[in-house]
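Inspection log for the structure reproduced underneath, given as structure tokens.
Side-chain atoms are counted along with the backbone in the values below, which use heavy atoms only and exclude waters and symmetry mates. Keep in mind it's a predicted model, so treat the numbers as computed, not measured.
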Amino acid sequence: MVKPWKGAVLGAASVCAFSILGNARAADTCQLKMVASLDFVSTDESAVVLPVILDNIPVKMIVDTGGVATTISDDWARDQRLRRHKLERGAGVYGYDGNFMDSIAYIPSVQTGTLHASDVRAIIQPGWLDKEIVGTLGPDFFLQYEVELDFAAHKMNLFSQDHCPGQVVYWTHDPAAAIPIKIDGAGHIVADVTLDGKEVKAIVDTGATTSVMKMAGATSLFDLTPSSPGVTKISSNEATGGNYKYTFKTLTLGGINFNNPTVYLIGDANPGQETFSRELLLGGHQLSKLHLFISYKERMLYATSAGAH
């Protein structure tokens with residue numbers, strides 16, 4: 001998952017969009033117009049994984065709303081002999097683990113379902129271990145659509161942004177939470193949540209199975225340290241100080257409550273991005289309990305329980 005960024009990589013590597021093979025279903029002015037319906041799976045590494053065809057090769061890629069751009073593993077790019085380009089000095093992207101990525105590869109063809117893109121520029125991720133999942137599809141692919149995530153049916157539906165405001169929750173007659181969001185410069189979906197009584201900015205992150213916060217942010221907001229009661233070490237890392245987890249009492253998103261949420265607390269090899277360190281990555285453990293409609297046009301997130309009908 002690619003999270004914070006540095007330098008000019010956004011102008012170089014994240015401007016890409018799917019075109020639609022075939023015609024979108026006609027509709028009147030207010031009716032939602034679906035342009036694609038994609039089946040996804042969940043894995044131990046991500047909440048949303050799509051089958052993708054890269055240059056006639058079937059693979060899987062993570063849908064990463066918490067990323068800043070599409071990425072491809074270094075091994076896959078090398079095996080397929082993809083054309084590469086080194087970014088200018090100082091330009092690149094920091095991964096959430098602190099690794100710095102400063103090269104892009106050009107993928108001639110990307111297709112998932114009826115969506116197709118050509119000559120896609122993807123950030124190269126070194127050290128990617130998964131051989132079946134070869135990279136991520138970032139917000140650059142989906143910002144032009146409205147995105148529905150039906151976790152109960154494992155469907156990702158994309159709609160035209162030509163619709164009437166507020167008329168998007170079609171799957172239930174029950175009330176839905178309508179949550180204002182911001183779309184930041186990286187395409188992240190940012191919402192306000194309450195975590196143990198404190199207001200926190202949260203990035204809706206389909207690329208993460210668990211919710212995550214920097215240890216520095218947990219210390220600043222909640223006075224948590226590696227030695228605090230209830231903080232459990234899960235891995236060691238000399239550069240970052242290690243990774244931990246902690247179970248909070250409650251997490252609230254738009255009036256929807258999650259009890260006893262476990263949040264991973266990650267050390268940072270590149271401290272100093274204070275604003276980002278205080279943000280929560282809201283991952284699949286919570287998101288998978290919901291039915292979501294992300295309206296990039298309205299800057300709204302609509303949510304019900306996953307089983308609402």
Side-chain angles (χ1 to χ4, degrees), residues 1-6 42-48 62 64-68 71 93-101 125 127-130 136 182 184 186 188-254 256-290:
M1 291 171 291
V2 179
K3 307 301 177 190
W5 65 97
K6 179 181 179 180
S42 299
T43 70
D44 291 340
E45 298 298 328
S46 176
V48 180
I62 294 169
D64 191 4
T65 58
V68 299
T71 70
V93 175
Y94 280 116
Y96 203 69
D97 57 5
N99 288 329
F100 187 64
M101 294 164 282
Q125 288 216 47
W128 187 281
L129 300 178
D130 198 312
T136 69
K182 293 181 179 180
D184 68 15
H188 295 149
I189 303 157
V190 184
D192 292 325
V193 302
T194 303
L195 185 61
D196 278 10
K198 292 184 179 291
E199 292 187 1
V200 179
K201 298 293 182 184
I203 294 174
V204 177
D205 190 358
T206 58
T209 49
T210 59
S211 293
V212 180
M213 179 179 281
K214 294 288 190 180
M215 177 61 82
T219 301
S220 175
L221 290 168
F222 301 100
D223 294 324
L224 292 175
T225 68
S227 59
S228 295
V231 175
T232 303
K233 191 170 189 176
I234 55 177
S235 66
S236 299
N237 188 312
E238 289 185 8
T240 66
N243 301 322
Y244 302 80
K245 64 180 180 179
Y246 180 79
T247 300
F248 290 84
K249 293 181 176 64
T250 183
L251 169 65
T252 303
L253 169 68
I256 300 172
N257 294 319
F258 302 94
N259 294 322
N260 303 315
T262 296
V263 176
Y264 280 66
L265 307 177
I266 307 300
D268 195 351
N270 297 282
Q273 297 186 8
E274 177 64 18
T275 299
F276 189 85
S277 74
R278 293 166 65 91
E279 291 177 333
L280 175 74
L281 301 185
L282 187 62
H285 186 72
Q286 282 74 44
L287 298 178
S288 62
K289 296 177 173 62
L290 303 175

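- Considering all non-hydrogen atoms of both residues, Lys214 and Gly267 come closest at NZ-O, 4.2 Å.
- Not one N or O on the side chain of Lys198 forms a donor-acceptor pair closer than 3.5 Å with the backbone of Thr194.
- Residues Gln286 and Pro261 meet the side-chain proximity criterion, which asks for heavy atoms closer than 4.5 Å.
- For Lys182, the NZ atom is loosely surrounded, since the number of other residues' heavy atoms within 6.0 Å does not exceed 12.
- The CD atom of Glu279 sits 7.5 Å away from atom CG of Asp184, with the distance rounded to the nearest 0.5 Å.
- With hydrogens and angles ignored, the 3.5 Å screen pairs no side-chain donor or acceptor of Asp192 with any backbone N or O of Glu199.
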- Message: Let's go through Thr209 and Tyr264 carefully: what are the C-alpha distance in whole Å and the side-chain angles of both, what is the deciding distance for side chain to side chain contact (heavy atoms under 4.5 Å, CB included) to 0.1 Å, and is it a yes or a no?
- Response: CA-CA 10 Å; Thr209 49; Tyr264 280 66; over 6 Å; no
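- No side-chain heavy atom of Val193 sits under 4.5 Å from any side-chain heavy atom of Phe258.
- In this structure, the side chains of Val200 and Met213 come closer than 4.5 Å at one or more pairs of heavy atoms.
- No donor-acceptor pair closer than 3.5 Å links the side chain of Thr71 to the backbone N or O of Gln125.
- Side-chain N or O atoms of Ser288 include one that pairs as donor or acceptor with a backbone N or O of Gly284 at under 3.5 Å.
- Two residues are said to be in side-chain contact when any heavy atoms from C-beta on lie closer than 4.5 Å; Asp196 and Thr250 meet this criterion.
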- Should Phe248 and Leu224 be marked as a side chain to side chain contact (heavy atoms under 4.5 Å, CB included) after you check the CA-CA gap, both sets of side-chain angles, and the distance that decides it? CA-CA 11 Å; Phe248 290 84; Leu224 292 175; 3.8 Å; yes
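- No side-chain heavy atom of Ile203 sits less than 4.5 Å from a side-chain heavy atom of Thr65.
- Looking at every heavy atom in both residues, Ala191 comes nearest to Leu253 through CB-CD1, 4.1 Å.
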- Query: Please walk me through it: do Val204 and Leu287 pass side chain to side chain contact (heavy atoms under 4.5 Å, CB included)?
  - Reply: CA-CA 8 Å; Val204 177; Leu287 298 178; 3.9 Å; yes
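- For Tyr244 and Tyr246, the gap between ring centers reaches or exceeds 6.0 Å.
- Inter-residue side-chain proximity for His188 and Val68 is flagged as met; some heavy-atom pair is nearer than 4.5 Å.
- Atom CG of Leu265 sits about 4.5 Å away from atom CE of Met215, to the nearest 0.5 Å.
- Scanning all heavy atoms of the two residues, the minimum distance from Leu280 to Ser211 falls at CD1-CB, 4.2 Å.
- A distance of 14.0 Å separates CG in Leu251 from NZ in Lys249, rounded to the nearest 0.5 Å.
- Here the OG1 atom belonging to Thr206 is positioned 11.0 Å from the CG atom belonging to Leu281, to the nearest 0.5 angstrom.
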- Starting from the C-alpha separation in whole Å, work towards a yes-or-no answer on side chain to side chain contact (heavy atoms under 4.5 Å, CB included) for Asn260 and Thr262. CA-CA 6 Å; Asn260 303 315; Thr262 296; over 6 Å; no
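- Ser42 approaches Ala47 most closely through the heavy-atom pair OG-O, 2.8 Å.
- With sequence neighbours excluded, no residue satisfies salt bridge (charged side-chain N to carboxylate O under 4.0 Å, His left out) with Lys245.
- In this structure, the separation between CG on Leu290 and CG on Leu282 is 8.0 Å, given to the nearest 0.5 Å.
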- Query: How far apart are the C-alpha atoms of Asn257 and Thr252, what are their side-chain angles, what is the distance that settles it, and do they pass the side-chain hydrogen bond (donor to acceptor under 3.5 Å, both in side chains) test?
  - Reply: CA-CA 4 Å; Asn257 294 319; Thr252 303; 2.7 Å; yes
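- For Thr225, the side chain to side chain donor-acceptor pair (under 3.5 Å) criterion is met by Ser227, Ser228, not counting sequence neighbours.
- Within the 4.5 Å cutoff, the side chain of Lys233 has no heavy atoms near those of the Asn243 side chain.
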